[in-house]
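Input: a single structure, listed below in structure tokens.
Proteins come first, then strands; the chains are lettered A, B, ... in the order of their sequence lines, and each starts at number 1. Note that the coordinates shown come from a computational prediction; the quantities given were computed from them, not determined experimentally.
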Amino acid sequence: MVSDTSQILVDTATRLFEEQFTAKQRVAAESGQWLDTQWQAVEDMGLPLALVPEEAGGFGLPLVEALDLIRLAGAFAVPLPLAETMLANRILASAGLELPGGPLTLAPVRPDDRLTLSRRDGGWLLSGTAHRVPWGRVAATVVLARCEDPGDDAGQDGQSFAALVPAGQADTAPDVNLAKEPRDSLRFETLLPAESVAPSPGIAPAELHALGAAVRSIAMAGALGRVLAMTTAYANERSQFGRPIGKFQAIQQHLAVLAGQAAAARAAGDIAAEAVAQGGALLPIAAAKLRCGEAAGVAAAIAHQVHGAMGFTHEHSLHFFTKRLWSWRDEFGGEGEWGRLIGREVGRAGADGLWPLVTAA
Amino acid sequence: MDLIAFPPPPDTDVEALRAEVRAFLAEELATRRPQDRSRSWSGFDAEFSRKVGQRGWIGMTWPKRYGGHERSALERYVVLEEMLAAGAPVAAHWFADRQSGPLLLKVGTEEQRRSILPRITAGECFFCIGMSEPDSGSDLAAVRTRAVPVDGGFVVNGTKLWTTYAHHADYMILFCRTGGPDERHGGTSQFLVDLKTPGITIRPIADLAGEHHFNEVVFEDVFLPATSLLGQLGDGWNQVVGELAFERSGPERFLSSFTLLVELVRALGPSPSDHAAAAVGRLTAHLLVLRRLSRSVAGMLQMGENPALQASLVKDLGAIFEQEIPDIARQLVDAEPSQQSTRDFSAVLAHTILNVPSFSLRGGTREILRGIIARGLGLR
């Protein structure tokens with residue numbers, strides 16, 4: 001059951017998103033503009049700290065409820081690195097590093113990118129290239145990296161360290177996803193002071209990949225809820241042959257399928273949020289990302305079919321959501337990658353272990 | 001924003017019960033072949049149902065004074081899903097446990113409850129559902145079977161069709177007309193019918209695989225005593241609609257092909273190819289999500305809500321999942337489907353292919369469900 005604090009937070013955030021994010025801001029963000037006023041409003045509300053413990057500035061909300069803010073941001077296509085900043089602050093806080101404020105992002109986001117830290121002059125040298133880092137050009141980057149010589153302050157696993165790299169410290173090759181959200185390549189050859197690096201027990205790059213998949217799943221659930229609402233409203237408004245197109249059974253059957261996909265994505269997003277809250281088990285997160293990604297494709301296709309040519313224009317707002325869905329489903333691993341992971345785990349469990357695996361997940 | 005809400009399922013600790021059910025099934029079904037398991041909830045075994053009743057796993061949520069066990073909907077859910085995942089032959093008690101018993105609890109007289117419910121929970125009294133007719137399938141309100149009031153009761157004439165396991169059942173819940181010819185929903189009622197009543201003829205209808213689950217049940221001047229009226233005269237439509245939420249959201253709506261998924265995993269072995277792993281992984285992901293949606297509906301039922309819309313969504317998504325499993329399995333394993341095969345995969349594949357068409361027909365066709373969903377979205 002949702003706590004009162006959480007409900008107040010969701011209501012307040014909904015009002016903020018409604019006021020701050022209209023088509024005008026989304027178009028500006030698509031053209032490459034950084035929405036500083038909007039970011040300040042989001043930061044003033046404390047949303048970037050929603051996933052950190054209360055003593056580090058968080059709301060003290062259950063994690064599942066705090067993660068619901070990411071679903072809300074997805075439902076408004078918030079063109080800011082809010083989910084990334086929330087997650088990055090959580091990683092910094094758990095590593096005992098200072099939270100710098102401002103927009104943050106995470107690296108690496110691609111499973112084949114390797115970043116390394118080595119000791120240099122009492123501090124650290126960070127080396128390597130991270131591709132398609134969300135908002136890498138504007139945000140400070142929280143990097144998870146292998147340490148080549150962990151020394152005395154090695155964490156429990158002695159391997160993974162978190163480092164905070166201020167914005168502008170990397171050689172940046174800008175790029176964007178289909179929704180024109182920045183997805184930049186950052187090449188690091190960067191000296192960092194000792195106080196910016198700390199062991200990051202429990203979160204190695206592989207866990208970061210899964211956390212990213214979880215937050216994209218949750219955001220997709222939000223965007224799919226919006227797409228369903230927009231498409232239903234359009235079917236009731238748009239008239240052809242003398243009646244709203246939503247009166248035609250052919251359209252109704254489409255919308256029922258869309259509703260099923262939105263419901264499945266919502267349930268999958270909830271599964272991902274609970275998995276993150278309970279320590280980040282891989283199987284449910286993998287299932288959630290796969291299911292949301294599949295729902296995204298089916299739902300976007302139906303939404304565009306029902307919206308007709310109107311929804312194919314840049315002027316109509318539908319594309320802000322569908323382009324995000326088409327991008328997010330492949331970020332932090334698409335259906336193929338996560339499906340193989342689940343399938344291999346099922347193979348190991350064996351035929352008679354399949355059902356116990358399902359009920360334990 | 002949430003046009004259709006699915007609240008998180010209640011967080012009930014059910015693992016001890018789950019282990020108990022698994023141990024029971026491991027023993028009872030030790031020699032049950034995969035092709036028999038693949039019958040899923042069509043498998044009928046009165047002796048098995050009696051043992052399930054002895055364990056206290058029929059009518060689990062019902063009051064103790066009627067032989068029930070006053071356990072939670074989620075505990076009942078665990079028993080159901082474990083039975084289905086293991087391919088247990090649950091059909092004998094299934095319909096009474098799922099809908100006839102809850103209907104009696106809701107609208108039955110004290111006498112009806114006391115005389116029937118304890119026998120259901122003991123696994124000794126079986127039900128069938130008398131809804132469809134030759135000219136009334138999706139259009140349930142078009143039923144023609146009619147009960148005419150006479151001195152001391154009613155006389156029924158008409159024909160019910162697709163009545164699963166009527167030939168083994170003790171009672172039917174009959175849905176029929178009792179009102180005038182121009183009344184539609186308002187002129188219907190439900191009756192508790194003892195199938196031994198004179199004038200009832202039960203004839204088998206073979207399905208496309210040649211198997212006998214369905215029946216035609218003909219009523220010829222069948223006298224039903226007034227005490228057999230179930231609920232209010234003329235309230236049949238509302239009662240039936242309430243029943244459907246129970247009928248459409250359970251684990252049987254996505255686990256009907258589960259045995260084939262199990263045999264697929266077995267055939268692929270411990271190290272499937274990337275392609276096969278991705279396909280099996282995808283099905284597993286769908287299963288996890290369907291299970292959550294279905295458990296969410298169980299939670300809503302427990303809270304006394306009416307999740308008819310959510311139940312329709314679960315059934316629609318579940319049928320797609322159940323129906324795509326054979327198509328995916330046959331692309332990953334080279335085997336011809338054969339009911340006679342000694343190879344488990346081939347035999348289970350055959351049985352599943354021959355049964356999947358019914359998954360989007362029984363309990364409400366895909367098109368009817370989607371119409372309900374569309375109406376729930378506010379589209380008509």
ask   = If you measure from CG on Leu228(A) to CG on Leu377(B), what distance do you get to the nearest 0.5 Å?
value = 5.5 Å
request  = Answer whether the closest heavy-atom distance between the side chains of Leu283(A) and Thr284(B) falls below 4.5 Å.
outcome  = no
Asn236(A) side-chain N/O to Gly378(B) backbone N/O, donor-acceptor pair under 3.5 Å = yes
request  = Return the minimal non-hydrogen interatomic distance between Gly347(A) and Pro272(B), and the atom names on each side.
outcome  = CA-CD, 4.3 Å
query = Any side-chain heavy atom of Arg344(A) within less than 4.5 Å of one from Asp274(B)?
reply = yes
request  = Check whether Arg291(B) gets within reach of chain A through its side chain, its backbone, both or neither, counting any heavy atom under 4.5 Å.
outcome  = side chain
key: Portion of Pro244(A) that has a non-hydrogen atom of chain B nearer than 4.5 angstrom   = neither
message = Below 4.5 Å, heavy-atom pairs only: which of Leu369(B), Leu290(B), Asp11(B), Val262(B) has the largest tally toward chain A?
response = Val262(B)
remark   = Among Asp352(A), Leu72(A), Val64(A), the residue with the most heavy-atom pairs under 4.5 Å to chain B is Asp352(A)
key: Residue pair Ala278(B) / Gly336(A): nearest heavy atoms and the distance that separates them   = CB-O, 4.2 Å
query = For Glu274(A), is it the side chain, the backbone, both or neither that has a heavy atom under 4.5 Å from a heavy atom of chain B?
reply = side chain
ask   = Do Ile373(B) and Gln252(A) have side-chain heavy atoms sitting under 4.5 Å apart?
value = no
request  = Verify side chain to side chain contact (heavy atoms under 4.5 Å, CB included) between Arg370(B) and Leu255(A), making sure each step is shown before the conclusion.
outcome  = CA-CA 8 Å; Arg370(B) 289 183 180 173; Leu255(A) 275 160; over 6 Å; no
remark   = Output for pair (Asp270(A) CG, Arg292(B) CZ), nearest 0.5 Å, gives 4.5 Å
remark   = In terms of heavy-atom contacts, Leu317(B) and Gly260(A) come closest through CD1-O, 3.5 Å
key: Between Ser296(B) and Arg266(A), a side-chain donor and acceptor under 3.5 Å   = no
message = Quick check on Leu290(A) against chain B: is it the side chain, the backbone, both or neither that has a heavy atom closer than 4.5 Å?
response = side chain
Set of ring pair (Phe, Tyr, Trp, His ring centres under 6.0 Å) partners for His275(B), sequence neighbours left out = none
inquiry  = Let's test your reading of the structure: which of Ile320(B), Val78(B), Val280(B), Leu288(B) forms the most heavy-atom pairs below 4.5 Å with chain A?
reply    = Leu288(B)
For the student: nearest non-hydrogen atoms of Val289(B) and Ala267(A), plus distance = CG1-CB, 4.1 Å
query = For Glu294(A), is it the side chain, the backbone, both or neither that has a heavy atom under 4.5 Å from a heavy atom of chain B?
reply = side chain
ask   = Looking at Ala279(B), Ser271(B), Ala85(B), which one has more heavy-atom pairs under 4.5 Å with chain A than the rest?
value = Ala85(B)
note = Under 4.5 Å to a heavy atom of chain B? For Gln253(A) that would be both
message = Does atom CD (Glu18(A)) have a neighbourhood of more than 12 heavy atoms from anything else shown, all under 6.0 Å?
response = yes
note = From the list Ala360(A), Ala259(A), Ala268(A), the residue making the most non-hydrogen contacts under 4.5 Å with chain B is Ala259(A)
ask   = With chain B, which of Ala361(A), Ala265(A), Pro356(A) has the greatest number of heavy-atom pairs at distances under 4.5 Å?
value = Pro356(A)
inquiry  = Looking at every heavy atom in both Val265(B) and Gly350(A), which two are closest together, and how far apart are they?
reply    = CG1-C, 3.8 Å
ask   = Picking from Gly353(A), Ala351(A), Ala287(A), which has the most non-hydrogen pairs under 4.5 angstrom with chain B?
value = Ala351(A)
Which portion of Leu84(B) sits near chain A, non-hydrogen atoms under 4.5 angstrom = neither
ask   = Counting heavy-atom pairs under 4.5 Å to chain A, which of Glu15(B), Glu263(B), Arg366(B), Glu81(B) comes out on top?
value = Glu81(B)
key: For the student: nearest non-hydrogen atoms of Ala285(B) and Ile342(A), plus distance   = CB-CD1, 4.1 Å
Side-chain touch Leu354(A)/Phe258(B), heavy atoms, less than 4.5 angstrom = yes
request  = Evaluate whether atom CG of Asp327(B) has more than 12 neighbouring non-hydrogen atoms of other residues, nucleotides or ligands under 6.0 angstrom away.
outcome  = yes
message = Measuring only between side-chain heavy atoms, which start at C-beta, is Arg22(B) closer than 4.5 Å to Thr359(A)?
response = yes
